Structure formats: structure tokens, C-alpha cells
2 protein chains.
Amino acid sequence: MVTLSEENYLKAIYHLGKQGSVVVSTNAIAEQMETKASSVTDMIKKLADKNLANYIKYQGVSLTKEGRLAAASVVRKHRLWEVLLVEKLNFSWDEVHEVAEQLEHIKSEKLINELDAFLNYPEEDPHGDPIPDKEGNIKKVEKILLSQVDENQSCICVGVKDSSTDFLKYLDKHHISLGTSIKIISKEKFDESMTINVNNALINISKIVSNNIYVKKG
Amino acid sequence: MVTLSEENYLKAIYHLGKQGSVVVSTNAIAEQMETKASSVTDMIKKLADKNLANYIKYQGVSLTKEGRLAAASVVRKHRLWEVLLVEKLNFSWDEVHEVAEQLEHIKSEKLINELDAFLNYPEEDPHGDPIPDKEGNIKKVEKILLSQVDENQSCICVGVKDSSTDFLKYLDKHHISLGTSIKIISKEKFDESMTINVNNALINISKIVSNNIYVKKG
DNA sequence: ATATATTTTTAGACAAGACTAAAAATATAT
DNA sequence: ATATATTTTTAGTCTTGTCTAAAAATATAT
Ligand SMILES: [Mn+2]
Ligand SMILES: [Mn+2]
Ligand SMILES: [Mn+2]
Ligand SMILES: [Mn+2]
């Protein structure tokens, strides 16, 4: 039995582990989860006791095979629920995350499998993030940050790095969503802002924005 | 903020309160929730502190207006989720309860309203139980226990009192479901068992069974 | 290499929710 | 009316998950 709280820690370690080294620091987890380092240390020990994490004092933590599968299962549920909310229940992509945070902890094999089928086996969530399969495998899609595209190049928005409500609403306001074509008109050396063409409108976006939009060539 | 545990107690008091007097005893709650009387006393105090329950020591507990609304909201969510599971996700009526026990605690106004609309505003759950509206009102449908129907009378199954997996599977085996026509052929004085006609088959059911099936005349 | 800063762990406390055992209140039976 | 049985509450303990403050380990800078 994995508790709700343990699931949240597993998920945090899972996410932190794939952006950089597999070993994750106590402070990184604390920051991600908006909790205190001492709480993290306590929980890491419990995860290690349950064979969900590898832990060496002062050296950081990584997930075991079992822990990684448990984490991927939570992520799978989170993203499938997000698809349901957007596709069937009229949620917009900036409204789903909070509710999915709750739904991801519902325990029922049948429920998640039926949900998957009902949604026609989606491969991505409403933010362009891949949905792990039952074995925890995810389709690694090649995508780069908009900030890394050169002047005069065109690309297509395929995801967002920040999926906070604020950022997604900003994108809505500028009519940027998954599938939107973007052409880089010019880049400013000074502050790394860029002017882009979206739906034949020119808009200027800051480095922070271009650093949080994933695109593919085309 | 009402916690998950508080919601479960509210629901128990709500259910116990409508089958008999509105004031509910500590022991009755303990039995319903499979917990100890001392735990119930502790929780009742918390509910009273939050103005969700009226509590007089040694005299039992009842729900306040606010508590009744909170309880009805949990029941509403429970039953709407059960409808989703059966109508859209291929669950049978004996599989839904456990999962609905989890889903009923998800907090999101929008989610439950959209779910209601998506399901086309159902009035009953898969066991024939009425779904409270947003204000906590339920359509009181007149139904009687099968055990109370006289010999040679016909009736239609409109609900079940016991919705345990075991009982529902028993009904499945005998092809009794919501809407099934039942004619009482004979009643045994001795043990109050009865022989009934279901889909032109004669079956004998015990008092326990006839006491857990709701029917309407017709 | 040593002093300083940062990170991580430990120790001790707290709140929620549950339990056992004992005490107090209420109900029942003679 | 009094003794007995049942119900309910209290007192004290436990587990989970969190926190603060202090101690220990590790990293960084001169
Ligand atoms: Mn999300
Ligand atoms: Mn979560
Ligand atoms: Mn149910
Ligand atoms: Mn429940």
C-alpha cells in the first residue's frame, strides 16, 4: 500500500529525476513540493524502507524500479484524468491541474483502464505531455524550447514546460495553443526577447515565455 | 474546509438520520462506519465545533442545516460518479460502490456540475437511489419492500436496500435488475420465504432477499 | 588548509484520526 | 427503588505527516 503522501513524493522525485541526474537532492524535493527539507528526509526513509527509493544519507535519493513504476502510474492517472476533463467535461487546459492532483490518487485498476479506452487511448495530455503506458513507458517525443529556435525559422507548438494557470492564460490571450504555427521574426540580443508571428499577428515575447514553450520543426 | 473523514461521518449520520429519528446514537454511527464508539465521540465534537452537527452529550447527534447540505453533497457526488462508472466506463452495478467511496471526496464544483450535465442530469444511481440536487433536495419516490407485497400481486423492481457486491451478484444470477417485473406466486408462513415469477421462471427467495428489494406497484 | 556557507539530518513537538481501558451516565429488570 | 446491563465519554497511547531549532555533514572560498 502506497499512501497519498508517498505517491506525491514519488511523483516529485520522478519528475526531478528526468530533468538532469537521476539522483535528486533533499532540497530540490522540498522546493518542488513546497515543504520543508526535514519532512522530505523523513519521507525518503519511509520510501527506502518500502523499497521504492534508493537512499544514501547526505547523497540524495533515486527511485527503484518499483518506485519508478508507482510514480509513472500516478503520472499516467493524472494525465488521463486531464484528458477526460478537457475532452468530455468542458474544462480548459488551465483549469485541469488542480483537480487532476486529486484524481490521480484514486485507486482502481479497472477505472484507469476503462478511462484509457473511453478516451481512445490518448498519447498526450492537454499540455502536450506524454501519457505513460501501464508499464510506465513513455513515448519520448523530440521537442525543443522555442527560445532555441533561430530567426526566420518556423515551428509548431507541441507543449508547455510551465503549466500554471497564469502562463496558460497568457498563451490563450495570444492565441497560442497546441498545434499553433509560430515563425520567429527577430531576436533581441539585449534581453533575449523575440518577436514572433502567430496567426499573422506579430507579438513580442520575453525569454521567460520562449523558455516555457516546446516546439517541433515545421 | 471539511476533511475526508468528516465527510464520511456526515454521510453516515445523514443516512442513519433518514431511516428513523433524526437524532442518531454514537453506537449506530460506530457500527455503520466500522469504527469504535470513542472515535465517534471525538469526531462528533469536531463536527459540532464546526457547526455541522447538533450534539448534546449522551443524547445523540443530528445534522445542522449546513451539515445536512454537506452530507447531501457527498451523496450527490457518490451517486453521480456511480452513474458515470456504469453508463460510460463499463462497470457493473456491483463494482461501483468501492470506487465511488473514493471519488465522492474530490473537491471541485465545476467537476460535479459538468459531470451532471455530461450524464444528462440523471435522477437515480445504478441502484435506484435518488441523486440529490445542488441544494440537497431529493425526489422522494414511493417504493415498498418486496416482502410487503401480497400474493398474486405484480410489481417492478425499482431499487435495492443492500447494495453489497454479494447481494447484487445474487440478483444478477437470478436476472433481477432495475425495471424487472416480479409476480408474487406464493408466500410461506413458516419462514416468510416467497416464490416469485421473474421472466417466466419461478424462483424461491428468502425473507432476507425480499426485504432488500424495493418495488413499485405495476 | 582552514574558515565559512550551505545542505542535510536529528531531536522534539504538534495536529488529525484512530484505538484500548476505565469511568460516568443512562437504560432496564426485578 | 435498587441492582445490573448497556451506552457513552474520558484519559491516555499510537501512527502519519508535518514543523522548528539545533547539530552534523558536505561544499565553497580564500
Ligand atoms: Mn497537470
Ligand atoms: Mn498529487
Ligand atoms: Mn454506493
Ligand atoms: Mn467515503
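Each chain gets a letter, A, B and so on, in the order its sequence line appears, and its residues count up from 1. None of the values given here were measured: they were computed from a predicted structure.
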Asks: Pull out every residue in residues 27-41 of chain A that has a heavy atom closer than 4.0 Å to any atom of DNA chain C, ordered by number, or say none.
Replies: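 Contacting residues: A:N27, A:A37, A:S38, A:T41.
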Asks: Please list every donor-acceptor pair under 3.5 Å in which a side-chain atom of residues 22-41 of chain A meets a protein atom from a residue at least two apart or in another chain.
Replies:
| unit_1 | atom_1 | unit_2 | atom_2 | d |
| --- | --- | --- | --- | --- |
| A:S25 | OG | A:A28 | N | 3.1 |
| A:T41 | OG1 | A:A37 | O | 3.2 |

Asks: Counting Watson-Crick and G-U wobble pairs whose two distances are both under 3.5 Å, find the runs of 3 or more in a row that involve DNA chain C.
Replies: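 Expected stems, ordered by start: C:1-30 with D:1-30.
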Asks: Would you kindly give the NZ-to-P distance between A:K57 and D:dA24, to the nearest whole Å?
Replies: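 In whole Å, D:dA24 P and A:K57 NZ are 12 Å from each other.
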Asks: Return yes if a side-chain donor-acceptor contact under 3.5 Å exists between B:D166 and B:S164, otherwise no.
Replies: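 There is no such pair between these side chains.
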Asks: Is the closest side-chain heavy-atom distance between A:E192 and A:K187 below 4.5 Å?
Replies: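 Side-chain contact under 4.5 Å: no.
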Asks: Check the interface with nucleotides 14-17 of chain D: list each N/O to N/O pair with the protein under 3.5 Å, or write none.
Replies:
| unit_1 | atom_1 | unit_2 | atom_2 | d |
| --- | --- | --- | --- | --- |
| D:dG17 | OP1 | A:T3 | OG1 | 2.7 |

Asks: Show me the pairs that pass ring-ring contact (aromatic ring centres under 6.0 Å, His included) and involve residues 95-124 of chain A, at least two apart or across chains.
Replies: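 Matches after skipping sequence neighbours: A:H78-A:H97.
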Asks: Looking only at side-chain N and O atoms, does A:K45 come under 4.0 Å of OP1 or OP2 in C:dT10?
Replies: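 Yes, because at least one side-chain N or O of A:K45 sits under 4.0 Å from OP1 or OP2 of C:dT10.
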Asks: Given atom OH of A:Y58 and atom C1' of C:dT9, what is their separation to the nearest angstrom?
Replies: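 That distance rounds to 4 Å.
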Asks: Kindly say whether A:D94 contributes a backbone atom to a donor-acceptor pair with the side chain of A:T165 at under 3.5 angstrom?
Replies: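 Looks like yes, one N/O pair under 3.5 Å.
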Asks: I need the full list of side chain to side chain donor-acceptor pair (under 3.5 Å) pairs touching residues 128-149 of chain A, with sequence neighbours left out, sorted by first then second residue.
Replies: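 Checked against side chain to side chain donor-acceptor pair (under 3.5 Å) - neighbours excluded - the pairs reaching residues 128-149 of chain A are A:E123-A:K139, A:D133-A:N137, A:S147-A:N211.
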Asks: Rounded to the nearest angstrom, tell me the gap between atom CD in A:Q59 and atom P in D:dA24.
Replies: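 Those two atoms, CD and P, are 19 Å apart.
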Asks: Only one of B:L146, B:L171, B:L178 forms a side chain to side chain contact (heavy atoms under 4.5 Å, CB included) with B:C157, so which one is it?
Replies: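 Between B:C157 and the candidates, side chain to side chain contact (heavy atoms under 4.5 Å, CB included) is satisfied uniquely by B:L178.
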Asks: If you measure only the distance, is there a donor-acceptor pair under 3.5 Å linking the side chains of A:N204 and A:T195?
Replies: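 There is such a pair (donor and acceptor under 3.5 Å, judged by atom type) between the side chains of A:N204 and A:T195.
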Asks: Between B:V75, B:V74, B:L47, which is the residue that forms a side chain to side chain contact (heavy atoms under 4.5 Å, CB included) with B:L10?
Replies: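 Answer after filtering B:V75, B:V74, B:L47: B:L47.
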Asks: Between A:I44 (CD1) and D:dT18 (C1'), how many Å, whole number?
Replies: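 For the pair A:I44 CD1 and D:dT18 C1', the rounded distance is 15 Å.
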Asks: Does a nitrogen or oxygen in the side chain of B:Y55 sit under 4.0 Å from OP1 or OP2 of D:dT9?
Replies: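 Yes, such a contact exists.
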Asks: Output yes when at least one side-chain N/O atom of B:S25 is less than 4.0 Å from OP1 or OP2 of D:dT7, else no.
Replies: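 No, because none of the side-chain N or O atoms of B:S25 sits under 4.0 Å from OP1 or OP2 of D:dT7.
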Asks: Rounded to the nearest Å, what distance is computed from the CD atom of residue B:E7 to the C1' atom of nucleotide C:dG17?
Replies: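 So the two atoms are 15 Å apart, to the nearest Å.
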Asks: Hey, can you tell me if A:H174 and A:Y170 have their rings parallel, tilted or perpendicular (30° and 60° cut-offs)?
Replies: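 Rings of A:H174 and A:Y170: tilted, 30 to 60°.
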Asks: Under 30°, 30 to 60°, or over 60°: which ring-plane class applies to B:W81 and A:W81, parallel, tilted or perpendicular?
Replies: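 B:W81 and A:W81: perpendicular rings.
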